[in-house]
Trainee: 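Provided herewith is a single structure, encoded as structure tokens, for subsequent inquiry.
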2 protein chains.
Amino acid sequence: MPTSRELMEQHHVGPGTVSRAIGILALEGVLTTRPGSGTFVSATKATPNRPIDTGWQAMALADRVVDTRSLSDQLGPPTDGTIMLDGGYLHPALQPTSLLTGALVRAARRPGSWDRAPINGLAALRSVFATLTGASADDVLITAGGQDALSIAFRAIAVPGSAVLVESPTYHGALAAIRSAGLRPVPVPLDDDGLTPEFLEEAFALSGARLLYCQPTYHNPTGAVLSSERRQRVLEIARTAGAFVIEDDFARFLGHTPTVPPPLIHDDRHGTVVYITSLTKPAAPSFRIAAMVARGPVMERLRATRRVSDFFVSRPLQEAALELMSSAGWERHLKTLSAQLRNRCTALVTALRTELPTWTVRHVPGGGLHLWVQLPAGLSDIDITAVARRQRVGVSAGTRYFPAEPSAAYLRIGFGAATDEADLAESACRLAEVVTKS
Amino acid sequence: MPTSRELMEQHHVGPGTVSRAIGILALEGVLTTRPGSGTFVSATKATPNRPIDTGWQAMALADRVVDTRSLSDQLGPPTDGTIMLDGGYLHPALQPTSLLTGALVRAARRPGSWDRAPINGLAALRSVFATLTGASADDVLITAGGQDALSIAFRAIAVPGSAVLVESPTYHGALAAIRSAGLRPVPVPLDDDGLTPEFLEEAFALSGARLLYCQPTYHNPTGAVLSSERRQRVLEIARTAGAFVIEDDFARFLGHTPTVPPPLIHDDRHGTVVYITSLTKPAAPSFRIAAMVARGPVMERLRATRRVSDFFVSRPLQEAALELMSSAGWERHLKTLSAQLRNRCTALVTALRTELPTWTVRHVPGGGLHLWVQLPAGLSDIDITAVARRQRVGVSAGTRYFPAEPSAAYLRIGFGAATDEADLAESACRLAEVVTKS
């Protein structure tokens with residue numbers, strides 16, 4: 001092999017990159033390094049992947065397919081220059097990267113950071129999340145992100161085969177978790193004021209469900225907020241049905257205004273609500289720390305389910321979350337983020353109303369990362385999404401957010417995933433071309 | 001409140017500690033900081049924990065208790081000076097702490113480290129684990145530690161209500177995961193050469209199981225290694241039964257000698273083996289990175305189950321694992337660790353044979369972290385464990401490792417959890433006192 005110096009010059013990379021690449025290739029048995037005499041291509045490289053016969057597996061695996069289609073992009077990798085607005089995370093430009101890195105570096109260096117962490121999470125971190133909800137630190141369970149919390153909650157609380165009420169439309173990640181837990185999602189319609197109590201009551205009666213999954217604040221995908229009049233009603237209806245309510249408060253830190261409606265759990269007097277919020281949304285995709293808050297025996301069930309699943313969340317990540325939330329920079333980041341999201345949201349609404357007057361933005365969200373847009377009659381969200389991708393705009397077909405047949409054709413467009421307002425205006429123009437072309 | 005300087009002097013701590021404490025208390029609403037004028041105790045602190053009535057929850061939760069007793073220490077927190085040898089992790093003195101911290105710090109600073117990670121894990125990290133098994137990188141799935149891998153495997157592969165064959169005794173974490181997945185562990189006896197093929201064949205026939213969980217290399221708790229004669233037989237029997245074999249290779253990096261037996265998956269020609277190995281054991285409790293290797297449709301099932309559970313493993317942790325395994329220090333650490341474990345193991349065996357001649361160490365393990373000790377007739381492992389704790393030695397009662405009734409009274413004593421050889425000698429003396437006292 002050429003010397004490290006030669007490789008550095010050839011590929012215009014630093015010494016770290018070269019030694020790391022050589023290290024990995026050596027581990028893979030491709031290269032052999034002989035200290036003193038240099039690096040050599042291994043004579044016999046272990047040849048992986050001999051063809052094997054696995055036909056029999058179908059029998060053992062039976063028909064228990066885990067459907068992740070709604071989670072995965074069906075359109076393949078985007079071409080260069082595509083503006084991807086179909087994701088659920090902040091664009092890197094909105095992520096507090098240096099804040100996160102600083103927090104993790106300090107956490108990694110803290111003595112004992114590689115030791116075990118408590119099963120339910122670091123006490124100090126739990127008490128920070130407790131304050132959000134007026135609960136105590138003992139009512140808090142730290143998880144490795146929101147999806148981890150959802151999957152634990154559905155597996156722990158609901159009896160396999162039973163029904164789970166969900167808003168229709170709702171978050172597709174929750175639908176996937178519900179189905180993979182062997183549960184049946186039962187749709188309950190919602191309007192601009194959130195869940196409709198009459199339908200909710202009826203759905204509990206008809207399905208015998210003992211669990212409701214909902215997003216009362218800046219609902220994904222519609223952006224709706226459960227009105228203050230309905231909050232007590234929803235809790236009473238659940239209480240009467242003897243059911244739990246999973247409150248997915250994913251947008252707690254994504255309000256576009258200084259004041260965000262209080263979580264539903266504030267009004268809970270019977271331990272009905274199992275509350276979930278996450279740091280991933282306002283921080284970054286790989287900052288996978290979330291918290292569940294629940295009172296009563298259900299917390300014991302959640303804690304045990306979590307424990308059997310993966311013991312505890314890696315301590316440095318928990319320490320980093322504590323560092324982050326207790327740093328002055330965090331408050332500043334949240335303020336800036338709020339303004340940036342509001343501006344992006346306004347920019348997208350304006351651009352769409354100008355470029356696509358026949359598309360309906362019925363509700364301008366006060367928080368969150370997405371716009372829920374109804375297409376005029378005759379247009380298919382699936383087709384538009386496919387054509388849009390060829391026009392280099394990534395949007396999500398509304399269909400994937402419905403537990404059953406969609407009520408109409410919608411698109412979910414994420415303004416939080418855009419570089420800036422210009423990108424959003426440009427994407428509206430490209431979408432306008434899509435309509436003329438389809 | 002006193003000034004930060006005063007607090008630093010009062011409590012003999014640095015400025016970082018003080019500002020962090022104030023930051024957390026401010027988040028909890030206990031303190032209010034007014035820039036310029038100082039820190040004040042909040043007038044009205046949100047009072048959490050109002051009593052609530054949660055009796056109704058029992059109805060909704062039904063009887064699906066998740067039993068974690070075998071996972072938790074029933075004897076409460078140890079008194080000072082207790083030598084705890086009941087854990088499954090390395091003593092901090094054996095952990096490569098600076099190596100881990102360095103790896104995570106570099107990982108945290110790498111551009112894009114906070115971005116999404118691929119669902120199945122970083123390609124470079126997957127190919128490193130692939131080389132261990134002669135598989136390809138596409139056959140590898142990265143998980144957040146070994147328990148995460150086990151719980152995914154049991155949920156993904158076995159039909160709820162069905163039987164899973166396990167060695168008897170076996171790892172109690174696997175038993176907990178099997179039960180919480182709604183499966184029935186069926187014990188198969190093993191001897192010093194590992195699983196006994198005759199019994200395995202019979203167990204498959206009687207139970208109709210389509211899954212076997214085993215630890216062929218340095219079995220936990222017995223330390224047994226599946227003999228080379230039996231390896232092919234075990235695979236053939238599973239193949240004939242149309243069953244999968246989960247090979248838990250937790251001790252891959254914990255051999256006491258330079259050569260460790262090859263994993264079972266090396267001999268697998270039909271995608272029978274679902275292989276699991278972990279970096280947590282040779283690194284540290286919070287270094288929660290493990291890998292699953294499987295060929296054929298089963299990998300699709302595992303990947304989908306993992307994805308719905310928590311999307312992906314935090315990227316900085318995966319980057320750190322790659323940094324660690326491709327660093328020269330890692331090889332050195334593994335060499336040192338191997339020698340240290342061998343010395344500790346020898347020290348414990350010698351001390352026990354001297355102090356407790358009636359206790360039987362039938363098998364001195366060639367790898368792993370534990371010694372499996374049979375007690376003389378008449379002694380109860382439960383009682384001895386309780387009395388031992390009062391004598392300030394923490395050991396594990398053998399009962400917890402048996403899926404059903406134990407074949408005899410055993411203790412599992414972890415030499416990897418000791419500070420040094422002296423600690424192990426001392427613990428043997430304390431155990432000797434236990435016997436005289438009980």
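Each chain gets a letter, A, B and so on, in the order its sequence line appears, and its residues count up from 1. FYI, side chains are in, hydrogens and waters are out, and symmetry mates aren't considered; it's all heavy atoms of this structure.
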Trainee: Which one wins on heavy-atom pair count under 4.5 Å against chain A: B:A130, B:G145, B:S127?
Mentor: B:S127
Trainee: As an exercise, state the distance from CD1 of B:I52 to CZ of A:R295, rounded to the nearest 0.5 Å.
Mentor: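 Answer rounded to 0.5 Å: 4.0 Å.
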Trainee: For the interface with chain B, which of A:P297, A:A176, A:A177, A:S327 has the highest count of heavy-atom pairs at distances below 4.5 Å?
Mentor: A:P297
Trainee: Going by heavy atoms in the side chains, are B:R64 and A:V159 under 4.5 Å from each other?
Mentor: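 B:R64 reaches A:V159 side chain to side chain.
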Trainee: Is there a side-chain contact between A:P316 and B:S286 in this structure, where contact means two heavy atoms from C-beta onward sitting under 4.5 Å apart?
Mentor: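 With C-beta onward as the side chain, the pair touches.
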Trainee: A:P92 versus chain B, heavy atoms under 4.5 Å apart: side chain, backbone, both or neither?
Mentor: neither
Trainee: Who wins among B:T305, B:V308, B:I24 for the most heavy-atom pairs under 4.5 Å with chain A?
Mentor: B:V308
Trainee: Given the options A:L125, A:L100, A:T280, A:L132, which has more heavy-atom pairs under 4.5 Å with chain B than any of the others?
Mentor: A:L100
Trainee: Non-hydrogen atoms of chain B under 4.5 Å away: do they reach the side chain of A:A137, the backbone, both or neither?
Mentor: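 Contact with chain B: none, neither part.
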Trainee: Sort B:A103 into side chain, backbone, both or neither according to what part of it lies under 4.5 angstrom from a heavy atom of chain A.
Mentor: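 Contact with chain A involves no heavy atom of B:A103 at all.
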Trainee: How long is the span from the OG1 atom in A:T97 to the CH2 atom in B:W114, to the nearest 0.5 Å?
Mentor: 9.5 Å
Trainee: Given a strict heavy-atom distance threshold of 4.5 Å, which part of A:L317 is in contact with chain B: side chain, backbone, both, or neither?
Mentor: side chain
Trainee: Calculate, to the nearest 0.5 Å, the distance between atoms CD1 and CG belonging to B:I157 and A:L61 respectively.
Mentor: 7.0 Å
Trainee: What option among B:A181, B:A320, B:A158 has the most heavy-atom pairs under 4.5 Å with chain A?
Mentor: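 Ranked by contacts with chain A, first place is B:A158.
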Trainee: B:V105 and A:R109: side chain to side chain contact (heavy atoms under 4.5 Å, CB included), yes or no, with the steps?
Mentor: CA-CA 8 Å; B:V105 167; A:R109 292 182 171 151; 3.9 Å; yes
Trainee: With a 4.5 angstrom heavy-atom cut-off, could you sort out which part of A:Y89 is near chain B: side chain, backbone, both or neither?
Mentor: side chain
Trainee: Among B:H270, B:R315, B:R303, B:R106, single out the residue with the greatest number of heavy-atom pairs under 4.5 Å to chain A.
Mentor: B:H270
Trainee: In terms of heavy-atom pairs under 4.5 Å, which option from A:M59, A:R210, A:R307, A:Q95 contacts chain B the most?
Mentor: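 Looking at each of A:M59, A:R210, A:R307, A:Q95 in turn, A:R307 comes out on top.
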Trainee: What are the two closest non-hydrogen atoms of B:A108 and A:L104, and how far apart are they?
Mentor: CB-CD2, 3.7 Å
Trainee: Taking atom CZ of B:F311 and atom CZ of A:R288, what is their separation to the nearest 0.5 Å?
Mentor: 7.0 Å
Trainee: Would B:R20 and A:E319 pass as an ion pair if we require N to O under 4.0 Å?
Mentor: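 Counted as a salt bridge, because a side-chain N and a carboxylate O are separated by less than 4.0 Å.
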Trainee: Relative to chain B, which segment of A:A107 carries a heavy atom at a distance below 4.5 Å: side chain, backbone, both, or neither?
Mentor: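 Nothing of A:A107, per the 4.5 Å heavy-atom cut-off to chain B.
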Trainee: Is A:F312 close to chain B through its backbone or its side chain, or both, or neither, when contacts mean heavy atoms under 4.5 Å?
Mentor: both
Trainee: At their closest point, which heavy atom of A:P285 faces which heavy atom of B:R116, and how far apart are they?
Mentor: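 Looking at all heavy atoms of both residues, the closest pair is CB-N, 3.6 Å.
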Trainee: Please state whether the side chain, the backbone, both or neither of A:S180 comes within less than 4.5 Å of a heavy atom of chain B.
Mentor: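 A:S180 touches chain B through side-chain heavy atoms alone.
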Trainee: Among A:G242, A:S98, A:A124, A:A241, which residue has the highest count of heavy-atom pairs closer than 4.5 Å to chain B?
Mentor: A:G242
Trainee: Just give me the residue among A:S162, A:S309, A:A304 that pairs up with chain B most often, heavy atom to heavy atom, under 4.5 Å.
Mentor: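 Among A:S162, A:S309, A:A304, the one with the most close pairs to chain B is A:S309.
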Trainee: Please determine, among B:V128, B:D115, B:L25, the option with the most heavy-atom pairs under 4.5 Å with chain A.
Mentor: B:D115
Trainee: Where does B:L322 contact chain A at under 4.5 Å (heavy atoms): side chain, backbone, both or neither?
Mentor: side chain
Trainee: Quick one: are B:R301 and A:V66 in side-chain contact, heavy atoms under 4.5 Å?
Mentor: yes
Trainee: State the CG-CD1 distance between A:L71 and B:I119, to the nearest 0.5 angstrom.
Mentor: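 That separation rounds to 8.0 Å.
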Trainee: For A:A243, which atoms come within 4.5 Å of any heavy atom of chain B: side chain, backbone, both, or neither?
Mentor: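 Contact with chain B is through the backbone of A:A243 alone.
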Trainee: So which part of A:T272 gets closer than 4.5 Å to some heavy atom of chain B, the side chain, the backbone, both or neither?
Mentor: both
Trainee: About how many Å separate CE of B:M299 and CD of A:Q57, when rounded to the nearest 0.5 Å?
Mentor: 10.5 Å
